[in-house]
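Quick note on labels: first sequence line is chain A, next is B, and so on, each numbered from 1.
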Amino acid sequence: MLFYILRRFLYTLPIAIGVSLVCFALVHLAPGDPISAILPENASPQLIEEVKTAYGFDKPLPIQYLYWLGNVVSGDLGTSIMTRRAVLSEVIPAVGNTLILAACAVLIGFVVGIGLGTIAGYNSGSILDKAVTAFAITGVSVPHYWLGMVLIVLFSVNLGWLPATGMGSLGSGELPFTLDGLKHIILPAMTLAVIPAGIIARSVRATVSEVRKQDFVQTLYAKGLTSRYVFVHVAKNAAPTVLAIMGLQLAQLLGGSILVETVFAWPGTGFLLNAAIFTRDLPILQGTILVLSIFFVVTNLAVDVLQMMLDPRVKRV
Amino acid sequence: MTNDQLHGASSGDAATSAPLVDVRDLSVRFVSRDMDVSVVNGVSFELREGEVLCLLGESGSGKSVTMRSLMRLLPHTAQLGGSVSIGGLDILGMPARQLSTIRGSLVSMIFQEPMTALDPVFTIGQQIVETVRCHEGCSRSDARRRALELLELVQIPSAARRLDAYPHELSGGLRQRAMIALALSCRPRVLLADEPTTALDATVQIQVLLLLRELQRELGMATIFVTHDLGVACEVADHVAVMYAGRFIETGAVGDVLNRPHHPYTVGLMRSTVHGGQRGTTLEPIPGAPPDLRSLSTGCAFAPRCGEARPPCLTAMPELVEAAPGQTARCIKYGAATTYAAAGTFQAAV
Ligand SMILES: Nc1ncnc2c1ncn2[C@@H]1O[C@H](COP(=O)(O)OP(=O)(O)O)[C@@H](O)[C@H]1O
Ligand SMILES: [Mg+2]
């Protein structure tokens, strides 16, 4: 099993390298020259040359890449063009904020999705099942920035129950368990949770009703297990499939959402990316995307390993 | 005494004591929005401690549904009628809660397909331990010891290692042995085996069959065995019941029914299947197809395929009557009324 994990880990290395190549290329593929973003428009050719040398842009691309990779590995993601601060010190708090939001959204989305999906899977064909399917389809198809704005209008503007934007006391590094923190996080977390809840509800429903049709469920009842114990078997059989889908959703939430974070002015990675795009702050863009991609790769690795541990039929060598 | 019972003797205390399994006029109807079909129509039989009854019949005749009714293992669309009593308990009337206490302990079932009948994500050991603990409430280590004994009982080689194997890691034969171990794990008094060897390779079939027969004799369980295979029936059964369209159409001691079948369908069944002592005779399939259960006519369900049918066969379903001592058949040829003999054949009547 350790061997499997190690091997699976080695498989992610090429992916990680690919990701870093894409991030590196981003700067060079982006329209406009990275240098011109730093220098004033009327800079002399000599100054341009100097800056190019200083940033290493005069070297061939592969060398530049290796340089850059070396810096990245040692934790240096460059300097923000706008704030002149190290990219890492901009990205880390944003990642933290996004993680807080994602964790809450994941909690809501997974609980609601698994709950509704299970209920529907156990009552397939019933009104309940149809209601869940309707909810899931609506959840997946409603644009979530629009839903966010509707929620703000409803709960903040009209009812005045919840704050519309920002992190409140969460921003100062407190835990989200203060009332103020909860009040700030509830709307964006709900907005973010709707899509994963819908997707997970649908896949849990399909998987559960599929598993329940299998012959072994008859055997479980025939040997005298009550529905509660049979459910444990159904859940363990459904878990690997559902887990893969949840992993994808988790990775997506960890990536933050440009639209939702912008609507709620939530200072996470999405918010940061949005700002970086508008100010053409390529180092920030590059650093954020790199960090998020690594999250994505790591989440997938974790899902694979978990799946292997839950399903004995997955080859362990 | 056990021998008397095995050979179906109708004297002594075997006959006076209440039967272990008593099924009276069992009927099963599947009713839902888009169907209403009667699948079992008035099946009655008794089974004593240690006896083996074989259900024979073409597929779709209601053998599996009959078996499942004995532990009420049917979907919600099934409506059951009649009565089933096992060990004095009223199975059809008991609350669902109590049902789970007798499933697996008083009555247990071996399924046809060992490939899919075991949970793929739990080990063989876990699946047996769970059953034992659920019924006997013993400690995990006691249950595990019992699981090991059971795997040895069903002659699985290197049983200790197989305890931690997942179903997909075992061959079909071993998997079915594990299924048998699971079924026997709480010392059932009644064993239901629904075509337990049909899905296996021919050589493995015989091994598993012999094992089952041996265990049945050793543990003295009353057993109902469903099979297509007349050879299998010969090997294991004391009594056989032949089913057609949800009814018993012939019953009797195994030797009598297989050697001297009375119902035209049973006669046809013997001619259409390969079994011992039949070499040289040509196989004749029964013409026609099994009837559609949704639209059964009032008469004998077999009449449309029967070479001996006469007009009265189409008017009413014949009763199950004694065709020979200890042997019954559902055919008006053997009825007390002489309508059949009196009626001409169809050609003559026209
Ligand atoms: N859950 C069900 N719903 C509707 N019809 C069923 C169901 N289960 C079995 N049947 C029908 O009952 C009849 C008898 O089936 P079964 O007992 O499985 O036959 P067999 O003798 O081959 O074991 C078949 O016609 C089958 O279509
Ligand atoms: Mg069957």
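Heavy atoms of other residues, nucleotides or ligands lying less than 6.0 angstrom from CD1 of A:I127 number 12 at most. Under a cut-off of 6.0 angstrom, the local environment of CZ in A:F135 is crowded, with over 12 non-hydrogen atoms contributed by other residues, nucleotides or ligands. By the neighbour-count criterion of 12 heavy atoms within 6.0 Å, atom OH of A:Y122 is densely surrounded, having more than that number from other residues, nucleotides or ligands. The local environment of CG in A:L259 is crowded, with over 12 non-hydrogen atoms from other residues, nucleotides or ligands closer than 6.0 Å.
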Practice task
Verify side-chain contact (heavy atoms from CB on, under 4.5 Å) between B:D119 and A:F216, making sure each step is shown before the conclusion.
Solution key: CA-CA 5 Å; B:D119 186 337; A:F216 74 81; 3.6 Å; yes

Going through the checks in order, is the side-chain contact (heavy atoms from CB on, under 4.5 Å) test met by A:L310 and B:V121?
-> CA-CA 7 Å; A:L310 282 174; B:V121 304; over 6 Å; no

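When each of B:G104, B:P120, B:A96 is scored by its heavy-atom pairs under 4.5 Å with chain A, the top score falls to B:P120. The most heavy-atom pairs under 4.5 Å with chain A, out of B:E130, B:E113, B:E169, B:M179, come from B:E130. In terms of non-hydrogen atom pairs under 4.5 Å with chain A, the most contact-rich of B:H135, B:M109, B:M115 is B:H135.
Between B:F111 and A:D215 there is no side-chain heavy-atom pair separated by less than 4.5 Å. Using a 4.5 Å heavy-atom cutoff, the side chains of A:K223 and B:L182 are in contact.
One distance of note links CG of B:L99 with OG1 of A:T226; it measures 12.0 Å at 0.5 Å rounding. Separating the CZ atom in B:F122 from the CG atom in A:N237 is a distance of 7.5 Å, to the nearest 0.5 Å.
Checked by atom type, the side-chain pair B:Q127/A:H233 shows no donor-acceptor distance below 3.5 Å.
Panel note: side chain A:T219, backbone B:A117; a donor-acceptor pair is recorded below 3.5 Å.
When heavy atoms are compared at a cutoff of 4.5 Å, B:L118 approaches chain A solely by way of its backbone atoms N, CA, C and O. Neither the backbone nor the side chain of B:R72 comes within contact range of chain A; no heavy atom of the residue lies under 4.5 Å from a heavy atom of that chain.
Closest approach of B:C134 and A:G224 over heavy atoms only: SG-O, 3.7 Å.
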